[in-house]
Amino acid sequence: MTTTEQFLSAELSHAIKALYAQSAPDAALILQATRKEIEGDYTAMMFPLLKISKKSPEQTGEEVGRQLQAQCPEIASYNIIKGFLNIKLSAGYWQNRLTDIARTEHYGRHSPSGKTIVIEYSSPNTNKPLHLGHIRNNLLGWSVARLLEANGHRVIKVNLVNDRGIHICKSMLAWQKWGQGATPTSSGRKGDHLVGDYYVLFDREYKRQQSDLQAQGKSAKEAARQAPLILEAQEMLRRWERGDKEITALWQTMNTWVYAGFNETYRTLGVQFDKIYYESNTYLSGKKIIEEGLRKGILDRHEDGSVWIDLTDDGLDRKLLLRSDGTSVYMTQDLGTAQQRYEEYHFDEHIYVVGNEQDYHFQALKLALEKLGYPWATTIYHLSYGMVELPAGKMKSREGTVVDADDLMKEMIHTARETSQKLSKLDDMPADEQQRLFTTIGLGALKYFILKIDPKKTMLFDPKESIDFNGHTGPFIQYTHARIKSVLRKAAQQQLPVGLTGATLNEKEIEIIKILHHFPKKIRDAGDAHSPALIANYTYDLAKEFNQYYHETSVLHEPDDALKTQRLLLLQHVAGTLKTAMEILGIDVPERM
Ligand code: ARG
């Protein structure tokens with residue numbers, strides 16, 4: 001489907017040729033959406049055309065405007081403000097766009113691009129449950145994946161589980177010492193929370209040991225290094241790396257608990273993966289890459305045996321790739337994982353959704369892979385996002401620092417129940433359906449509020465504001481959709497026809513068609529920018545415009561049949577577009593609420 005820019009740009013080019021017997025270069029045909037307060041749909045800049053017209057901007061505008069109107073019946077009027085020609089399209093033009101929309105299957109989505117994109121998101125450590133930061137991560141990952149699919153790309157969603165290392169040994173050790181054999185079943189505690197409890201316990205005891213040592217005269221640094229607990233955890237890691245049977249078995253058991261817990265959280269949140277990578281499998285291939293880099297002379301081995309890459313020419317520093325004792329670091333496994341993924345998928349782009357505290361790590365990873373000679377390294381894109389916080393005093397977990405993902409979702413569903421019971425008439429809805437609805441609204445509020453904000457920005461998640469049925473919120477969009485669906489249900493009960501009739505469109509209807517018409521372009525732009533926020537804000541513009549229209553227009557009570565039939569069609573497409581857009585955000589829209 002051609003966009004209005006493309007259409008007008010062709011008309012403009014035609015007009016210049018007709019007027020001045022010369023072709024304007026594409027770069028001189030500049031069109032923008034007309035500013036809100038000015039009459040018109042698109043504005044053409046005259047300045048780049050003056051070389052061809054050899055006239056003043058005003059005169060050029062007048063001539064071009066007149067020519068456009070003469071040659072093209074779909075241009076209704078024009079006006080000139082300084083060097084800007086504002087063009088207004090006719091109702092007939094927008095009527096044709098409505099026809100396009102009505103006749104397009106999967107409206108908004110683009111045809112297959114042939115490109116494969118791998119997107120990694122979530123990527124938790126296995127020593128504790130997911131928190132609010134992971135929620136932003138998972139929502140971004142899931143919706144960017146949907147967005148890229150809507151742009152026609154083949155998308156592979158992957159997760160990296162950092163399942164080995166000192167962090168998980170801490171939980172394991174504390175469980176061994178103080179757990180008395182507790183399991184998720186025996187304790188009734190969700191697996192990831194149970195393991196997290198022991199991580200907290202380790203930390204508390206470790207801190208106690210450190211202050212004891214400091215009281216005996218050790219420095220803080222010495223105390224941190226010499227506390228018996230940390231020494232034991234380190235010994236446990238060495239035993240793990242040697243493949244010690246007992247430790248491996250404990251590690252497997254506890255990780256299994258954690259995965260069961262994570263899966264439950266993912267299910268509630270509504271995210272999935274095509275493939276899960278485990279650090280315990282990929283760190284070894286990372287070591288192989290490093291050996292090869294040494295052989296090729298790209299990497300340096302220091303006297304103590306540690307291996308480094310020099311990134312100083314590129315404005316970074318020297319980066320450790322392997323410790324002196326041969327054990328691997330965070331970077332090691334990322335080298336291996338990236339290469340494995342390329343071999344499996346031959347991706348055209350690899351996106352990592354990871355918080356901005358790791359900006360430096362991903363700059364270094366990309367550069368290191370480039371230097372090691374992997375041409376696909378240039379396709380790596382770090383989708384970096386800012387911190388998300390809650391207003392003070394809200395739902396802080398026991399440790400007092402992080403907000404637990406499961407607790408927050410539960411709280412949202414609870415609030416949705418309270419709000420809906422106040423605002424909606426749901427008495428005739430079966431209880432299980434009500435419960436599903438509250439989940440849809442609670443999670444819709446959470447997801448929308450987080451996704452409407454540009455990923456780069458630090459944000460405050462305000463649970464109360466997020467669920468306001470009349471605000472810039474998910475529930476507002478959901479409610480708009482449900483409202484339209486209710487009208488369409490009534491129309492169906494009355495067996496009213498729905499379709500294009502060519503009935504004259506009013507100004508408000510044209511406004512709505514304009515917004516609908518922009519949907520495919522919006523999906524393109526949001527995909528290019530890796531930004532679901534553009535889609536979220538789009539749904540708000542559409543819903544707001546629709547509500548104004550619906551407030552002042554009758555649909556079911558419209559006496560003119562042709563108008564009624566076409567209005568129902570418009571409603572159908574507003575609802576359909578809201579649904580598609582919200583689907584991209586990973587948000588369900590209810591049929592009623
Ligand atoms: N597990 C890491 C953490 O919690 C994040 C992993 C990000 N992904 C990656 N490929 N390094 O900090």
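All figures in this text were calculated on a predicted structure; none of them were measured in a lab. In each ligand, atom 1 is the first atom listed, and ligand 1 is the first ligand listed.
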Q. With a 6.0 Å cut-off on ring centres, are His350 and Trp376 close enough?
A. no
Q. Under 6.0 Å between the ring centres of Phe476 and Tyr540?
A. yes
Are there any N/O pairs under 3.5 Å between ligand 1 and the protein, and if so, what are their distances?
unit_1, atom_1, unit_2, atom_2, d
ligand 1, 1 (N), Ser123, O, 2.9
ligand 1, 1 (N), Asn125, OD1, 2.7
ligand 1, 1 (N), Asn162, OD1, 2.4
ligand 1, 4 (O), Asn125, ND2, 3.4
ligand 1, 8 (N), Glu120, OE2, 2.8
ligand 1, 10 (N), Glu120, OE1, 3.0
ligand 1, 10 (N), Glu120, OE2, 3.3
ligand 1, 10 (N), Asp334, OD1, 2.7
ligand 1, 11 (N), Tyr330, OH, 2.7
ligand 1, 11 (N), Asp334, OD1, 3.4
ligand 1, 11 (N), Asp334, OD2, 2.8
ligand 1, 12 (O), Gln358, NE2, 3.1

Q) Does the distance from a Lys or Arg side-chain N to an Asp or Glu carboxylate O, for Lys521 and Asp525, drop under 4.0 Å? A) yes
Q) Charged N to carboxylate O below 4.0 Å: is that the case for Lys190 and Asp192? A) yes
Q) Hey, what's the ring geometry for Phe449 with Phe461, parallel, tilted or perpendicular (30° and 60° as the breaks)? A) perpendicular
Q: Tell me whether the centres of the aromatic rings in Tyr385 and Tyr121 are closer together than 6.0 Å.
A: no
